[in-house]
Enquirer: 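Can you keep this structure in mind? I'll have questions shortly.
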Amino acid sequence: PAALLMMVSRIVIRTMAMHLKSVTDIFEQTNFELERRNRETMFVTVWMGILDLRNGHVDFASAGHNPPAIRHKDGTVEFTKCKPGLALAAAAGTRYKPQSLDLAPGDLLFLYTGGVTEATNAEEKLFGNSRLLIALSESGNRPPVGACHFVKGRSDEFVNGAPPFDDITLLAVQYVG
């Protein structure tokens, strides 16, 4: 059922994005469509942004998703300032807050699912936010795919073969300018 909700959510979001201009409108309409048919009382977290390729400005919203991280061109890393709204399909009439950030040329926007930071080793310790930021920093100037592989490798080393209990997805986008 969870995989089916994810696929339906993806389809509805893509459809709404073809017809609506703002991320908040997309989320609110998607939430309406998902929530009214949500007999299983499931939900889905989503982060979505629209990047202006001319200037690096990103308009975004969060529906309960982990905040993305940014690896700046100078190598510093930080989590974005992001106020998460309620997950999609969780409650009727949910409103989402429009948010924005600006990427400088060379900045890498790094998105991930909770399975990355919640990856657990045999001692039941989490990979966590700190290790994620350290791994992203240590990924150096690797391009997006390389940064994703590097962070995933660090997570795999940390869990040392312990089975995952949640999905692990990584996505990185580098603003060239």
Enquirer: Nearest 0.5 Å, what's the CG-CD1 distance between Leu109 and Ile70?
Expert: 6.0 Å
Enquirer: Is there a side-chain contact between Asp166 and Thr113 (heavy atoms, below 4.5 Å)?
Expert: no
Enquirer: If you take all heavy atoms of Thr45 and Ala87, which pair is closest and at what distance?
Expert: CG2-CB, 4.2 Å
Enquirer: Are the side chain of Arg131 and the backbone N or O of Arg154 linked by a donor-acceptor pair below 3.5 Å?
Expert: no
Enquirer: Please answer: with hydrophobic residues joined when any side-chain heavy atoms are less than 4.5 Å apart, are Leu88 and Leu4 in the same cluster?
Expert: yes
Enquirer: Should Val77 and Leu103 be counted in the same cluster of Ile, Leu, Val, Met, Phe, Trp and Tyr side chains packed under 4.5 Å apart?
Expert: no
Enquirer: Evaluate the side-chain proximity of His19 to Gln29: yes if any heavy-atom separation is below 4.5 Å, no if none is.
Expert: no
Enquirer: Flag the pair Tyr96 / Asn31 as yes when at least one side-chain heavy-atom distance between them is below 4.5 Å, and no otherwise.
Expert: yes
Enquirer: What's the separation between atom OG in Ser62 and atom CG in Leu86, rounded to the nearest 0.5 Å?
Expert: 10.5 Å
Enquirer: Could you check whether any side-chain heavy atom of Ser155 comes within less than 4.5 Å of a side-chain heavy atom of Phe150, counting everything from C-beta outward?
Expert: no
Enquirer: If you define the side chain from C-beta out and look only at heavy atoms, does anything of Met48 sit under 4.5 Å from His65?
Expert: no
Enquirer: Between Arg71 (side chain) and Gly140 (backbone), is there a donor-acceptor pair under 3.5 Å?
Expert: yes
Enquirer: With rounding to the nearest 0.5 Å, note down the distance linking CG in Asp74 to CG in Asn141.
Expert: 12.5 Å
Enquirer: Does a side-chain heavy-atom distance below 4.5 Å link Leu132 with Phe127?
Expert: yes
Enquirer: Does Arg95 have more than 12 heavy atoms from other residues, nucleotides or ligands lying within 6.0 Å of its CZ?
Expert: no
Enquirer: Quick one: pull up CZ in Phe79 and CG in Asn66 and give me the separation to the nearest 0.5 Å.
Expert: 8.0 Å
Enquirer: Tell me the closest heavy-atom pair linking Thr24 and Ala61, and the distance in Å.
Expert: CG2-CB, 4.3 Å
Enquirer: Out of curiosity, does Phe60 fall in the hydrophobic cluster containing Ile26 (side-chain heavy atoms, cut-off under 4.5 Å, transitive links)?
Expert: no
Enquirer: Return the CG to CD distance between Asn38 and Glu33, rounded to the nearest 0.5 Å.
Expert: 12.5 Å
Enquirer: Please find the pair of heavy atoms, one from Phe110 and one from Ala172, that lie closest to each other, and give the distance.
Expert: CD1-CB, 4.0 Å
Enquirer: Quick one: does Leu136's side chain get under 4.5 Å of Leu108's, heavy atoms only?
Expert: yes
Enquirer: Taking all atoms of both residues into account, what is the closest heavy-atom pair of Cys82 and Gln99, and its distance?
Expert: CA-OE1, 3.3 Å
Enquirer: Answer yes or no: does atom CZ of Phe43 have more than 12 heavy-atom neighbours from other residues, nucleotides or ligands under 6.0 Å?
Expert: no
Enquirer: Indicate the atoms forming the closest heavy-atom contact of Leu111 with Trp47, along with that distance.
Expert: CD2-CE3, 3.1 Å
Enquirer: Counting N and O atoms only, with roles assigned by atom type, does the side chain of Ser22 sit under 3.5 Å from a partner on the main chain of Leu20, one being a donor and the other an acceptor?
Expert: no
Enquirer: With the 4.5 Å side-chain cut-off for hydrophobic clustering, are Ile11 and Val23 part of the same group?
Expert: no
Enquirer: What distance do Leu34 atom CG and Ile13 atom CD1 have between them, rounded to the nearest 0.5 Å?
Expert: 7.0 Å
Enquirer: Do the side chains of Ile50 and Val46 join up, straight or via other hydrophobic residues, at under 4.5 Å, putting them in one cluster?
Expert: yes
Enquirer: Is there side-chain contact between Phe158 and Asn121, with at least one heavy-atom pair below 4.5 Å?
Expert: yes
Enquirer: Quick one: closest heavy-atom pair of Ala69 and Leu133, and the distance?
Expert: CB-CD2, 4.0 Å
